[in-house]
There are 2 protein chains.
Amino acid sequence: MADIYELLRSAGVQPTPQRLAVARYVLGTTSHPTADEVLAKARRECPTLSRATVYNTLTRLAEHGLVRPQTIREGVVVFDAHTERHHHFVDEATGKIYDVPWEALSVSGESSLREYDVRDYQVVMRGRRRKS
Amino acid sequence: MADIYELLRSAGVQPTPQRLAVARYVLGTTSHPTADEVLAKARRECPTLSRATVYNTLTRLAEHGLVRPQTIREGVVVFDAHTERHHHFVDEATGKIYDVPWEALSVSGESSLREYDVRDYQVVMRGRRRKS
DNA sequence: CACGGATTTAGACTACTTCTAAACCTGGAG
DNA sequence: CTCCAGGTTTAGAAGTAGTCTAAATCCGTG
Ligand SMILES: [Mn+2]
Ligand SMILES: [Mn+2]
Ligand SMILES: [Zn+2]
Ligand SMILES: [Zn+2]
């Protein structure tokens with residue numbers, strides 16, 4: 001949010017107008033956008049922005065830990081600005097993905113899986129969001 | 001496994017040689033194959049089998065609850081013959097997906113998510129399988 | 001045998017992602 | 001100031017997964 005320019009610089013990503021437009025959008029939303037959604041939104045700030053630059057930038061942001069690609073929706077990768085551990089709820093009616101705080105759920109037993117070295121895990125829930 | 005011909009018939013799927021070849025492979029493996037992997041393997045039994053028939057058959061098997069499509073690997077849907085609730089472990093080195101029994105883990109707190117009507121959930125773990 | 005519905009097929013088509021090679025900055029060396 | 005080199009951006013081609021279409025095939029019944 002704060003100073004995206006400084007954030008990129010201190011992460012070792014040279015801040016260009018294109019990268020700033022991509023980063024400003026993807027780091028400022030909780031909507032788990034696809035690359036094409038990032039392209040559309042970032043073009044409002046930087047109209048010449050190309051698809052290749054969006055993919056390049058998202059990959060670079062991911063390598064530097066500023067976003068995390070998620071494989072939750074069929075056929076696309078979505079980009080998550082929320083890089084701390086958390087869970088996800090997918091509304092099957094709308095396709096929207098919601099963050100569920102890590103503390104909201106508790107998973108036990110993963111240490112009993114001696115066959116696997118579990119580096120990371122999350123609970124993926126699917127259903128309908130209640131109209132509230 | 002047992003009598004795939006009878007299984008399809010009693011599920012209301014007319015058993016054709018193509019569907020039998022697809023079903024015999026996908027229902028007989030625990031490897032979570034992609035559609036293309038099913039095509040390659042089922043062609044050994046039915047060499048004229050087309051890609052369209054594989055997709056049509058997998059969709060039909062899913063509609064009748066005999067397989068369950070899973071969105072776990074980037075870019076592809078994999079088909080899971082194991083239709084009861086269970087969790088998954090993805091080996092990031094090989095891409096292989098392993099089933100983790102429902103009883104191996106326990107998740108609590110999902111009922112506290114009042115905003116969401118959770119129809120289904122699973123834990124998705126990633127890491128390395130231990131060489132054993 | 002002829003008919004009609006269900007099934008299968010090849011290939012066209014779409015969507016998402018990666019690759020390529022040329023164009024474009026931009027900041028220092030001369 | 002001009003030239004150059006690295007890094008960056010770009011359009012479009014290429015690759016890959018999945019869907020659609022329309023013609024051919026199959027098969028049970030009359
Ligand atoms: Mn399985
Ligand atoms: Mn794809
Ligand atoms: Zn998230
Ligand atoms: Zn499974």
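Here is the naming used below: chain letters follow the sequence lines, and residue numbers restart at 1 for every chain.
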Review point. Nearest to the side chain of B:A52, which nucleotide is it out of C:dG11, C:dC16, D:dT8?
Key: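 Per side-chain heavy atoms of B:A52, the pick is C:dG11.
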
Exercise for review: Ignoring the backbone of B:V76, work out which of C:dT7, D:dA11, D:dG18 is nearest its side chain.
Suggested key: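 Per side-chain heavy atoms of B:V76, the pick is D:dG18.
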
Return the value, rounded to whole Å, for the distance between atom [atom1] of [X] and atom [atom2] of [N].
X     : N      : atom1 : atom2 : value
B:E74 : D:dT16 : CD    : P     : 14 Å
B:N56 : D:dT19 : CG    : P     : 9 Å
B:L61 : C:dT7  : CG    : P     : 13 Å
B:R60 : C:dT7  : CZ    : C1'   : 8 Å
B:L8  : C:dT7  : CG    : P     : 12 Å
B:L58 : D:dG18 : CG    : P     : 10 Å
B:E37 : D:dG18 : CD    : P     : 10 Å
A:I72 : C:dC16 : CD1   : P     : 17 Å

May I ask you to say what [X] touches in the nucleic acid, namely base, sugar-phosphate or nothing, with a heavy-atom cut-off under 4.0 Å?
X     : answer
A:T48 : sugar-phosphate
A:R73 : nothing
B:T16 : sugar-phosphate

Check your understanding: Which value, rounded to the nearest 0.5 Å, describes the distance between B:M125 atom CE and A:Y116 atom OH?
Key ->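 Going from CE on B:M125 over to OH on A:Y116, the span is 8.0 Å.
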
Practice item. Give a yes or no on whether the ring-centroid distance for A:H32 and A:H82 is below 6.0 angstrom. Key: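 No, the ring centres sit 6.0 Å or more apart.
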
Can you tell me if [X] touches the phosphate of [N], counting only side-chain N or O atoms and a distance under 4.0 Å to OP1 or OP2?
X     : N      : answer
B:T53 : C:dT9  : yes
B:Q18 : C:dT9  : yes
A:Y55 : C:dT17 : yes
A:Q14 : D:dG7  : no

Check your understanding: Any ion pair linking B:R9 and B:E6 (charged N to carboxylate O, less than 4.0 Å)?
Key ->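 B:R9 and B:E6: salt-bridged.
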
Point to revise | B:L49: which of B:R19, B:R44, B:Q18 passes side-chain contact (heavy atoms from CB on, under 4.5 Å) | key: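 Filter result, single survivor: B:Q18.
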
Review point. Do A:R24's NZ or CZ and the ring of A:Y5 fall within the cation-pi criteria of under 6.0 Å and 45°?
Key: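 No - A:R24 does not lie over the ring of A:Y5 by the 6.0 Å and 45° rule.
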
Review point. Nearest nucleotide by nearest heavy atom, which residue falls closer to the 5' end of DNA chain D, A:R51 or A:R19?
Key: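 Its nearest nucleotide being more 5', the pick is A:R19.
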
